[in-house]
Amino acid sequence: MTQSLTLPVSGMSCAACAARIEKQLNRLPGVDAAVSFASESAQLRYDPAQANPQQLVAVIERCGFAVPRQSMRLGIGGMSCAACAARLEKALGKLPGVSASVSFAGESAQLAWLPGMTDQDAVLAAVRRAGFEPLLPETEDNAADSSAARYRRELAWFAASAALTLPFLIEMIAMFAGSHHGWLPRLWQLALATPVQFVIGWRFYRGAWQALRGGVANMDVLVALGTSMAWLLSAAVTLLNLPEQHVYFEASAMVITLVLLGKLLEARAKGKASAAIAALMKLAPKTARVEQGGELIDVPVDRLKHGDIVVVRHGDSLPVDGEVVSGEAWLDESMLTGESRPVAKRAGDKVYAATRNQDGMLKVRAQSVGSETQLAEIVRMVAAAQGSKAPIQRLADRLSSVFVPAVSAVALLTFLLKGWLLGSWSTALIHAVAVLVIACPCALGLATPTAIMVGVGNGARRGILFRNAESLERAGKVDVLLVDKTGTLTKGRPVLRHALALSGDEDALIQLAASAEAGSEHPLARALLQKAQERGLPLLACADFRAEVGRGVAAQVEGRGLARIGTPAWLDMAMPAEARAWQDAGATVVAVSLDDRALGWLALADTLRASSAEALRQARSLGVRVMMLTGDDAATARSIAAEAGVEEWRAGMRPQDKAAVVRELQAAGRKVAMLGDGVNDAPALAAADVSLAMGSGSDVAISAADITLMRGDLRHAVDAIRLSRRTLAKIRQNLAFAFVYNVLGIPLAALGLLSPVIAGAAMAASSVSVVSNSLLLRRWR
């Protein structure tokens with residue numbers, strides 16, 4: 001039975017293109033194709049036994065044409081672990097023509113599908129069938145509110161669970177002391193543990209059912225199974241009034257409470273996932289001044305059209321990408337290029353949305369508006385990179401997928417064999433429960449979060465902030481460190497590096513230049529004023545200040561004459577060899593004259609952070625390859641790289657170029673960390689395996705980063721890698737502790753050599769061992 005399919009085809013330039021595609025399609029067995037150039041589509045009938053839609057699409061693309069796919073980013077509610085993301089991705093992948101990437105960390109799915117084969121409704125239905133809640137795209141503000149609400153709900157559930165579990169701590173202490181009877185009556189224990197088990201812990205039953213229905217066993221299965229058996233045995237002993245038997249309410253309640261603590265921390269980290277995109281969107285203004293009929297009218301940005309003339313005053317941010325029609329101004333483009341120096345713009349120059357006018361006024365003809373701007377493209381790149389990151393599959397989840405059915409089988413086998421051999425089914429049940437109690441996932445659940453909590457806390461005390469647990473885990477696997485230059489390796493602001501006074505008096509040259517620049521807000525002017533202040537040079541009185549964009553400034557210095565500071569070409573001053581050497585090394589060289597008489601030259605440049613060279617040396621000692629990426633020119637990059645001891649560097653990098661370098665290295669199998677401080681670094685930060693931002697950098701870089709270095713010290717980037725490796729070692733040790741107890745205890749329990757009481761004590765001892773081992777991380781320096 002044949003099936004029909006209509007595919008859109010883009011890129012055809014004439015009817016001959018359609019004929020070529022049609023010919024290639026009809027060569028496939030069982031395919032009847034008719035391709036129309038006019039409608040840019042292919043009408044297909046095919047035999048599913050001989051061909052499939054993917055083959056048809058592949059033929060069209062091999063001919064050099066494209067089959068546009070529909071795509072969307074969908075929020076996903078209800079995922080409890082990385083196994084949930086894998087299960088949903090598998091379910092979505094079964095839809096015809098659909099490719100999906102599901103991120104547990106981002107609680108989202110990036111989807112693409114072939115038109116005509118499925119639609120959005122089918123995708124949403126598949127998500128619901130898998131047991132999750134599809135969330136259509138929200139505004140950034142609503143998304144932030146939703147994350148905050150989820151965190152408050154998690155906090156409320158944890159607080160309720162902790163309050164009900166607190167009395168069991170004394171029971172735990174009594175168990176450690178060897179007492180079989182605690183101070184809390186069993187009916188009270190039942191009353192406290194039941195709401196924890198079935199009301200607060202209902203999520204684990206729901207998650208376990210969905211996982212098992214999907215053919216996997218996750219942490220929810222482990223939690224639900226272990227706590228349920230402990231509660232059921234305890235409830236039976238209590239309700240049947242068997243005082244000689246022991247109860248294990250504290251085990252079930254404590255496990256659920258501790259797991260909820262981990263969920264709370266996870267919810268807090270996830271609540272910040274959309275902060276980078278929200279901060280990027282806030283860079284663009286909400287309204288624009290549009291010139292219409294000789295009048296200026298404030299228009300919402302979303303109503304701007306191509307060709308509108310937008311007026312950008314001093315201090316305004318640009319609302320569109322476009323071309324300057326008239327006016328001159330200095331624009332801060334650091335959010336795009338990372339370059340700290342403002343860029344001069346005049347008629348005919350290209351300008352970009354969200355860049356800021358530092359001085360002057362422009363009239364701009366809108367060429368790209370709304371979702372077409374370069375800022376919007378950066379937002380999309382950040383969102384796509386965050387969504388495409390594969391969440392780390394927790395070692396505990398991988399082990400539990402085998403551990404849970406294995407323990408269940410051992411418990412069942414113990415019950416059947418002991419009941420048959422001993423003839424006492426009650427004794428067999430006790431032995432089977434002992435197997436399940438010692439397999440209770442308390443230590444396994446604590447192994448990772450306790451080490452993570454101590455590691456993150458230790459880092460925070462030293463100014464290293466990890467966004468979430470995955471950030472701490474991934475940092476230890478880094479083998480390539482990419483670093484931005486401006487504001488990261490360097491301080492991000494120019495300073496006066498050299499002065500050449502023809503009179504030999506450097507102070508007089510600096511004093512005159514700083515006095516003339518006092519009326520300017522240009523970063524180079526601020527550098528001269530700072531140097532004059534450092535040397536205690538008083539500013540001279542000036543009048544008639546004027547600035548020429550892209551050239552320099554001029555001012556009448558009282559009692560001296562007309563001082564001009566600017567480009568050597570503007571002052572018509574030929575640079576001496578010494579000044580040319582400064583320029584070749586990446587410095588900005590300005591000339592100074594008084595009444596058209598040359599006075600000297602000044603070289604200003606960004607300076608290396610004091611810790612940069614040492615930090616990069618330490619990174620290399622850990623076996624980490626270091627590369628510098630910058631939007632600056634090659635001369636500046638070469639100079640800074642030589643000073644910092646960086647052998648590999650790339651200059652002239654746009655935001656998308658930096659992200660491309662990250663993907664290039666990842667394709668080669670490297671684990672890449674990106675260290676930056678500006679908005680222009682956000683796409684690369686989002687694409688990297690581990691992203692680090694300087695605390696002195698932009699909010700966007702910090703929000704997009706996995707790790708923030710609050711003190712602006714590059715050595716802390718290396719410390720983050722060291723701390724991660726030490727924490728990972730502790731996690732592995734903790735997991736070993738947890739499983740050693742199970743490996744040794746389960747056979748003893750199955751043989752009847754381990755009572756449920758001792759099994760519970762062993763389970764508690766394993767938890768103490770894990771926590772104590774994690775606390776040793778506090779000694780890390």
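Keep in mind that what you see is a predicted model, and the values were worked out from it rather than measured.
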Measuring from [X]:[atom1] to [Y]:[atom2], what's the distance to the nearest 0.5 Å?
{"X": "L692", "Y": "I707", "atom1": "CG", "atom2": "CD1", "value": "4.5 Å"}
{"X": "D349", "Y": "L331", "atom1": "CG", "atom2": "CG", "value": "9.0 Å"}
{"X": "I309", "Y": "L362", "atom1": "CD1", "atom2": "CG", "value": "12.0 Å"}
{"X": "Q367", "Y": "D321", "atom1": "CD", "atom2": "CG", "value": "8.5 Å"}
{"X": "H716", "Y": "L675", "atom1": "NE2", "atom2": "CG", "value": "12.5 Å"}
{"X": "L528", "Y": "I565", "atom1": "CG", "atom2": "CD1", "value": "8.0 Å"}

(message) Quick one: does any side-chain atom of S691 pair with a main-chain N or O of A688 as donor and acceptor, under 3.5 Å?
(response) no
If you look at every heavy atom in [X] and [Y], which pair is closest and at what distance?
{"X": "V320", "Y": "V364", "answer": "CG2-CG1, 4.4 Å"}
{"X": "K350", "Y": "K345", "answer": "O-NZ, 3.0 Å"}
{"X": "P319", "Y": "A288", "answer": "CG-CB, 3.5 Å"}
{"X": "M653", "Y": "R650", "answer": "CG-O, 3.6 Å"}
{"X": "S515", "Y": "C542", "answer": "O-SG, 3.4 Å"}
{"X": "R203", "Y": "W157", "answer": "NH2-CD1, 3.6 Å"}

(request) State which residues pass side-chain contact (heavy atoms from CB on, under 4.5 Å) with Q666; sequence neighbours excluded, sorted by chain then number. (result) V662, R663, V672, D689
(message) Going by side-chain contact (heavy atoms from CB on, under 4.5 Å), name the residues that satisfy it together with T567, two or more places apart in sequence or in a different chain.
(response) A569, W570
[X]: partners by side-chain hydrogen bond (donor to acceptor under 3.5 Å, both in side chains), with sequence neighbours left out:
{"X": "H306", "value": "E372"}
{"X": "Q530", "value": "E534"}
{"X": "D316", "value": "R289"}

If you count every heavy atom of other residues, nucleotides or ligands that lies below 6.0 Å from [X] atom [atom1], does the total exceed 12?
{"X": "K305", "atom1": "NZ", "result": "no"}
{"X": "E323", "atom1": "CD", "result": "yes"}
{"X": "R303", "atom1": "CZ", "result": "no"}
{"X": "R365", "atom1": "CZ", "result": "no"}

Given side chains that start at C-beta, do those of [X] and [Y] come closer than 4.5 Å, heavy atoms only?
{"X": "P134", "Y": "R128", "answer": "yes"}
{"X": "L665", "Y": "L482", "answer": "yes"}
{"X": "V553", "Y": "F545", "answer": "yes"}
{"X": "M674", "Y": "V661", "answer": "no"}
{"X": "Q533", "Y": "L529", "answer": "no"}
{"X": "H314", "Y": "D359", "answer": "yes"}

(message) Looking at E517 and K531, is there a salt bridge between them, counting it only when a charged N and a carboxylate O are closer than 4.0 Å?
(response) no
Please list, one pair per line, the donor and acceptor atoms closer than 3.5 Å that link side chains of residues 291-300 to other protein atoms, with sequence neighbours excluded.
{"residue": "E291", "atom": "OE2", "partner": "K363", "partner atom": "NZ", "Å": "2.8"}

